[in-house]
There are 2 protein chains.
Amino acid sequence: MIKKQVTIKDIASRLNLHHTTVSKALRNHPDINPETKKRILETAESLDYHPNIMAQSFKNKKSNTVGVCVPIINLDFFAEVISGIQNVLYDAGYTMIVCQSNESYEREEIDTRALVSNQVAGLIIAISQTTQYAEHLKVFQRRGIPLVLFDRVPAGIEACNVIVDDFHSAFHAVQYLIKSGYRRIAHLAGPSHISVSANRLKGYKAALKKNNIDIEESLIIHGGFREEDGTSGFEQLIAAGNLPDAIFAVNDSVAAGAFLLIKKNGLKIPDDIALLGFGDLKISSYLEPSLTTVRQSPHRMGEIAAKMLIEQIEHKDEKFTPRTEIVKTELIIRHST
Amino acid sequence: MIKKQVTIKDIASRLNLHHTTVSKALRNHPDINPETKKRILETAESLDYHPNIMAQSFKNKKSNTVGVCVPIINLDFFAEVISGIQNVLYDAGYTMIVCQSNESYEREEIDTRALVSNQVAGLIIAISQTTQYAEHLKVFQRRGIPLVLFDRVPAGIEACNVIVDDFHSAFHAVQYLIKSGYRRIAHLAGPSHISVSANRLKGYKAALKKNNIDIEESLIIHGGFREEDGTSGFEQLIAAGNLPDAIFAVNDSVAAGAFLLIKKNGLKIPDDIALLGFGDLKISSYLEPSLTTVRQSPHRMGEIAAKMLIEQIEHKDEKFTPRTEIVKTELIIRHST
DNA sequence: ATGAAAGCGCTAACAT
DNA sequence: ATGTTAGCGCTTTCAT
């Protein structure tokens with residue numbers, strides 16, 4: 001059942017050549033007689049030869065595999081990023097190992113170790129919600145393996161980043177709410193130690209301050225990034241008997257969770273409560289009323305991250321200064337505000 | 001900048017041992033003195049040793065990497081499947097290389113070649129829309145590399161499959177429409193050479209036949225799997241002046257495309273036209289009215305596919321009979337019908 | 001233009 | 001219990 005793999009030696013012995021000659025021919029070494037080369041290529045084809053990339057990488061001490069680690073693959077945002085990464089890597093001749101931490105720091109640590117052991121040429125990662133330190137990423141830097149962080153970036157590490165300007169995006173979005181006449185604006189915030197949610201919260205506060213609106217801590221509900229968090233967040237607002245006239249949610253999933261509950265309570269969007277999300281998920285334009293939100297470009301973020309990584313990989317010897325790429329966002333005004 | 005990697009030889013020379021002793025210790029070989037082993041493990045830790053898995057796999061002629069190839073990563077369905085695969089592979093100690101064909105046969109062929117060259121231990125694949133032959137997959141079988149096909153399966157190859165029963169799922173769904181009183185039921189069908197869409201079409205026809213309803217070819221519109229296809233499909237129905245009283249769409253994306261246009265035309269769902277999808281995307285429950293659809297369990301499909309693959313990989317020597325696993329679907333009745 | 005020798009990091013089989 | 005030898009498939013350097 002298990003067929004032995006065809007190697008350059010097999011090709012060589014078929015043609016009474018030495019395997020090094022075959023190796024050279026396959027890599028277009030100028031030494032080789034075109035006639036010989038032709039015969040070698042034909043024989044390779046006919047024997048169904050596939051080069052052993054592991055052996056190549058092993059010998060050359062360079063791999064063409066890149067690691068990608070995200071919290072959850074099956075979230076729109078990350079699936080988009082991964083797709084963007086994949087396309088760029090494909091064009092550049094790299095393959096990609098994908099891991100998901102499931103928001104667990106322990107798993108993320110194991111994943112990154114495995115990636116180092118697998119000799120990845122570089123790593124693109126969005127850290128998990130429970131990741132507080134970056135020690136496991138410093139391994140990469142110590143070993144000179146290029147690193148690109150995106151979306152959620154940890155403190156305490158200097159590396160290439162691909163992020164959106166969460167602060168200003170949130171600021172402008174909330175500013176827009178205020179301009180539209182809303183005053184009591186609640187915020188369904190994300191985890192406070194995650195960069196993106198922390199910055200969106202800061203943007204929210206800054207916009208209120210700028211407009212001389214008092215920040216009411218009771219209107220800021222901390223939760224996670226998921227739909228349930230939106231539901232429970234809005235429940236808390238109800239329970240406190242403290243309904244705002246607008247809600248800014250940390251992302252569209254949370255907004256969608258709140259959305260359902262708002263309607264269930266017989267409240268009209270946006271007349272009774274306006275709703276603003278972040279992320280522009282596919283569902284957001286389908287909601288009725290459709291959701292006003294901040295559009296990120298996750299696919300593009302992935303492309304940019306992959307390009308940055310490849311750049312580093314292919315100029316590994318040169319001194320490389322980490323830089324941060326900020327992907328533009330866009331406020332998409334729909335009918336929920 | 002580029003730090004040389006730490007090898008078992010480094011550990012060995014530190015301790016004045018031979019590198020094979022270190023190798024054995026790291027793999028818990030019973031030969032090794034517990035005391036020695038302890039020192040070796042400590043030294044490995046302190047030197048920040050990471051085993052070179054490529055060298056291991058190379059030497060052992062077995063890899064712990066599996067290939068996964070889907071048409072498009074950033075489609076709900078495939079992202080879910082990939083996530084399911086990843087979790088199972090993680091638990092079993094495998095890593096996964098992910099490719100996307102972007103619905104191109106050429107790219108799929110290149111991807112699969114690359115996976116063979118990368119010495120994957122197995123392959124899980126859903127073929128692209130433009131893939132008509134399975135020759136590129138037979139390479140895996142010739143080389144004894146386990147193979148699992150899911151969702152879209154090509155003809156002409158005998159391998160493990162993980163699919164849903166598209167025929168019966170569609171049959172029951174359409175049967176339900178008929179029972180609800182709809183008679184003129186259109187079908188926005190997918191590509192006719194893809195197994196899933198072909199089978200859903202067959203199920204649709206069978207249900208009509210069973211109920212003595214004539215099949216009107218003009219009510220069957222062929223298109224792709226995307227939202228645009230739903231929009232253009234419904235346009236064709238309008239153009240033909242041939243509005244049905246219900247539409248069965250090949251999947252939820254197509255249904256969503258039709259959905260928007262139906263409402264745009266001032267028609268009421270389900271009173272003027274009922275709408276039935278397939279797949280139960282996240283958006284489907286958010287539509288208003290919410291979409292009746294057939295729930296697949298893509299995450300579970302991924303888990304099953306990964307388990308089947310691992311089973312094959314780990315019993316490679318034994319004769320393995322390809323089997324087909326059919327994942328149960330469920331008709332989710334909501335308000336669009 | 002072709003061949004020989006060496007070695008990448010690791011493990012298995014066989015000494016000692 | 002530890003060490004020696006050899007070799008996986010490939011590429012590089014140095015003969016011929």
Side-chain angles (χ1 to χ4, degrees), chain A residues 2-41 43-44 47-65 114 116-121 143 145, chain B residues 2-41 43-44 47-65 114 116-121 143 145:
Chain A
I2 307 164
K3 277 270 280 300
K4 222 182 110 290
Q5 93 166 295
V6 179
T7 73
I8 50 174
K9 284 186 186 164
D10 297 317
I11 300 174
S13 66
R14 265 277 192 119
L15 299 171
N16 289 314
L17 288 169
H18 198 222
H19 71 275
T20 56
T21 308
V22 175
S23 171
K24 284 177 185 166
L26 291 174
R27 278 167 308 106
N28 297 315
H29 195 288
D31 271 0
I32 307 301
N33 183 323
E35 187 49 50
T36 310
K37 184 176 153 188
K38 188 157 161 278
R39 284 164 51 226
I40 289 174
L41 289 178
T43 310
L47 290 181
D48 195 21
Y49 169 77
H50 288 237
N52 183 334
I53 293 192
M54 287 190 54
Q56 279 177 341
S57 305
F58 177 44
K59 165 70 187 169
N60 294 337
K61 293 169 153 306
K62 60 191 278 300
S63 106
N64 66 152
T65 299
V116 172
S117 285
N118 274 284
Q119 313 295 115
V120 292
R143 304 186 67 135
I145 304 172
Chain B
I2 307 165
K3 278 270 278 303
K4 222 182 108 294
Q5 93 165 292
V6 179
T7 72
I8 50 173
K9 283 186 187 165
D10 297 317
I11 300 173
S13 66
R14 265 276 192 120
L15 299 171
N16 289 313
L17 288 169
H18 199 229
H19 71 275
T20 56
T21 308
V22 175
S23 171
K24 283 178 187 166
L26 292 174
R27 279 167 306 107
N28 296 314
H29 195 288
D31 271 0
I32 307 300
N33 183 322
E35 187 49 49
T36 310
K37 185 177 153 189
K38 190 157 159 275
R39 284 163 53 224
I40 288 174
L41 289 178
T43 309
L47 290 181
D48 196 21
Y49 169 78
H50 288 238
N52 183 333
I53 292 192
M54 286 188 52
Q56 279 177 344
S57 305
F58 176 44
K59 164 68 185 168
N60 294 336
K61 294 170 154 307
K62 61 192 279 298
S63 106
N64 67 152
T65 299
V116 172
S117 285
N118 273 285
Q119 313 294 114
V120 292
R143 303 186 67 136
I145 303 172

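Since the model is a prediction, treat every value here as computed from it, not as a measurement. Per chain, numbering begins at 1; letters A, B, ... match sequence-line order.
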Could you state the atom-to-atom distance from CD of Gln56(B) to P of dG9(D) in whole Å? 17 Å

OP1 or OP2 of dA12(C) sitting under 4.0 Å from any side-chain N/O of Arg27(B)? yes

Looking only at non-hydrogen atoms, find the nearest pair between Ala12(A) and His18(A) and report the distance. CB-C, 3.7 Å

Quickly work out the Ile8(A) CD1 to dA4(C) P distance and round it to whole Å. 14 Å

Within this structure, what is the NZ-to-C1' distance between Lys9(B) and dT2(D), rounded to whole angstrom? 17 Å

I'd like to know if the side chain of Asn118(B) reaches the main chain of Val120(B), judged simply by a donor and an acceptor atom lying under 3.5 Å from each other, with no hydrogens or angles considered. no

What's the shortest heavy-atom distance between Gln5(A) and Asn52(A), and which atoms? NE2-ND2, 3.1 Å

Looking at dC10(C) and Phe58(B): do their rings stack (centroid distance under 5.5 Å, interplanar angle under 30°)? no

Per nearest nucleotide of DNA chain C, the residue lying toward the 5' end, Asn60(A) or Lys37(A), is Lys37(A)

May I ask you to check whether Arg39(A) and Thr43(A) show a side-chain donor-acceptor distance below 3.5 Å? no

note: Gln119(A), atom CD; dC8(C), atom P; distance rounded to Å ~ 14 Å

When you measure from the side chain of Asp31(A), which nucleotide among dT2(C), dC8(D), dG9(C) comes out closest? dT2(C)

Expressed as a whole number of angstroms, how long is the span from Met54(A):CE to dT11(D):C1'? 16 Å

Closest nucleotide among dC10(D), dT2(C), dG3(C) to the His18(A) side chain: dG3(C)

Closest contact, heavy atoms only, Ile53(A) versus Gln119(B): N-OE1, 4.4 Å

Between Ala55(B) and His29(B), the residue closer to the 5' end of DNA chain D by nearest nucleotide is His29(B)

Nucleotide dG9(C), atom C1' - distance to CD1 of Ile53(B) in whole Å: 13 Å

Which nucleotide in dG3(D), dG9(C), dT2(D) has an atom nearest any side-chain atom of Lys61(A): dG9(C)

Record whether the side chain of His19(B) comes under 3.5 Å of the base of dT11(C) through a donor-acceptor pair of N or O atoms. yes

Between Ser23(A) and dC10(D), does any side-chain N or O lie under 4.0 Å from OP1 or OP2? no

Taking the side chain of Lys59(B) as its heavy atoms from C-beta onward, which of dT2(C), dG7(D), dT11(D) lies nearest to it? dG7(D)

Distance criterion of 3.5 Å, no angle test: do you see the side chain of Lys24(B) paired donor-to-acceptor with the base of dG3(D)? yes

Test item: Ser117(A) side-chain N/O and Pro51(B) main-chain N/O as donor-acceptor pair under 3.5 Å: yes

Checking dT2(D), dC10(C), dA12(C) against the side chain of Thr36(B) (C-beta onward), the nearest is dT2(D)

Using whole Å, report how far CD of Gln5(B) lies from C1' of dG9(C). 7 Å

Whole-Å distance, Leu15(A) CG to dA1(C) C1', equals 15 Å

Does dC10(D) have OP1 or OP2 under 4.0 Å away from a side-chain N or O of Tyr49(A)? yes

Classify the side chain of Thr20(B) and the base of dT2(D) as holding, or not holding, a donor-acceptor pair under 3.5 Å. no

